[in-house]
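These figures come from a predicted structure and were not determined experimentally.
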Number of protein chains: 2
Amino acid sequence: MASVQHVGILRGMSSKPGARPARRSAAEPASTGLRERILSATRELLRERRFDTLSVADILTAAEVSRASFYFYFPSKQAVLGELVRDAVAQGQQAADPWIGGSQDPVAALRAGVRDGARLWRDNAGILMAIVESQGSDEGLRALWLEQMDLFTDAAAARIESDPQVRGRLGDMDVRAVAASLTWMGERLYYLAAAGVPPFDDERVLVDVLTNAWASILYGRPVAPPNPTPRAEQV
Amino acid sequence: MASVQHVGILRGMSSKPGARPARRSAAEPASTGLRERILSATRELLRERRFDTLSVADILTAAEVSRASFYFYFPSKQAVLGELVRDAVAQGQQAADPWIGGSQDPVAALRAGVRDGARLWRDNAGILMAIVESQGSDEGLRALWLEQMDLFTDAAAARIESDPQVRGRLGDMDVRAVAASLTWMGERLYYLAAAGVPPFDDERVLVDVLTNAWASILYGRPVAPPNPTPRAEQV
DNA sequence: ATATCGTCCATACACCGTGTATGGTTCTCC
DNA sequence: GGAGAACCATACACGGTGTATGGACGATAT
């Protein structure tokens, strides 16, 4: 029944009905475009509340926008979230694929990538948690998220393919599948960290574990954390 | 605002208001207890529909039960799901922790455990998908799921601790964290498989990848799939 | 046998959230 | 000075949830 519509959501995100705002004569330097107001109000609300506890009415109040205006710019609450997600992911796109530049030590580069991911999630916790949680309720958001994860997977898979060492280690295993599993493991752990679930709420633990997993699977070596808190010295 | 209530959900699941049903004089051998009817009707509906597209009204129709009766047995739709989840997990509890009995080859045992997990998810796809997806909307279900995952994590952590080989390999890494990451990676991949997301919708790929991940992280060795479809021979 | 309790049903209702519709205002640009 | 863009207030239809209310029937207790 609820199946093939919803295409509008992805569209609705970039459709700007008009370009220039106007009104509010002289008074109230309150703001620029309502559209932006809605976006940032939502972003702000998401910092303290879960997406599903948020009603359009809440956003309306926070953004000081009328109901009619809201629905003029966005087809739904979900569309707003969709745009926020795209923004967040795009913003941290370079942080996207692990081992960015060809650093000398691949594991160190890997760790840096993982850490970037952690920061991205920390800075956009509410938004990213929201879309992960909306997987079950909204077709459009589900598709959007799968799409984003696919990008990450592509990057990882390409990296794996390009490294004969790693590629060989994986034998006749499905490379894309391995890449995808790594991506999704990250997604899950970052989410749990954002949700405050121990032990992942400790960023150091999170990064260690994730880095170790990637390194073990790809390079076959366990990773001693580079900054051992329990054990001092030894830079 | 929505914070500290909801304790009732976990309670509500096991509270059987009465024990023996009665009514329906002679006609309609239709059924036994309404409670069971509700449960299995929901289970059945979940086989084709996502939980959030399900209304109590739908369940009512499917179970041929009145609204009043429903709320007599369950405080909410979520409570029904909660009970279904408990049942499902308990049913496959033995399949719960990987490497069950002390099989000779630890990796083979691991693979068997992973496969059991896959089956559990296949048999209860709708229910398990539902609870994963409800993480964002319901406090009670979130707690329930975290609790279940904790059980799995406990089992894995205990196993790790008991094996000096593995324990040593992990160095000064947080063992529970590693165990938890393995658990959650599984949760994610099983979920994606159930949702039909490639490449995990292929059970063989799923099992291979997961087994390889566990083996790589714990035993430091990549795993060649035991039943290579691409390459024949070599039992 | 009658009271009462537990199981169940039908129906109705209060409440809240969503998305749409209507009609009106003010500003800009042609 | 008229068209139209960018807004606002309000109201409403719709659908879902959870809570009555009132009543029927069978079982058990008195």
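Protein atom CZ of A:F51 is 14 Å distant from nucleotide atom P of C:dG17, rounded to whole Å. Rounding to whole angstrom units, CG of residue A:D138 and C1' of C:dG19 are separated by 14 Å. Here C:dT18 presents its P atom at 10 Å from CG of A:L60, a figure rounded to the nearest Å. Taking atom CZ of A:R67 as the reference point, atom C1' of C:dT22 lies 15 Å away to the nearest angstrom. Remark: C1' of D:dA13 and OH of A:Y71 are 14 Å apart, rounded to the nearest angstrom. One interatomic measurement links the two molecules: CZ of A:F70 to P of C:dT20, which rounds to 11 Å at whole-angstrom precision. Note: CG (A:D52) to C1' (C:dG17) measures 13 Å, nearest angstrom. We find that NZ of A:K77 is positioned 13 Å from C1' of C:dG19, with the value rounded to whole Å.
Of the candidates C:dT18, C:dC9, D:dT17, the closest approach to any side-chain atom of B:V56 belongs to D:dT17. Listed candidates were C:dC9, C:dG19, C:dT7. Nearest to the side chain of B:F72 is C:dT7. Comparing C:dC9, D:dG18, D:dC7 against the side chain of B:S76 picks out D:dG18 as the nearest. The side chain of B:A68 lies closest to D:dA20, out of D:dC8, C:dG17, D:dA20.
The existence of a salt bridge linking A:R204 and A:D208 is confirmed by a sub-4.0 Å separation between a basic side-chain nitrogen and an acidic carboxylate oxygen.
Closest of all the heavy-atom pairs between A:K77 and A:L54 is NZ-O, 2.8 Å.
Comparing A:L54 and B:V65 against DNA chain C, the residue whose closest nucleotide sits nearer the 5' end is B:V65.
Counting only distance, with no hydrogens or angles, the side chain of B:D202 and the backbone of B:P199 share no donor-acceptor pair below 3.5 Å.
B:M129 is not listed as a side-chain neighbour of B:L192, based on a closest heavy-atom distance of 4.5 Å or more.
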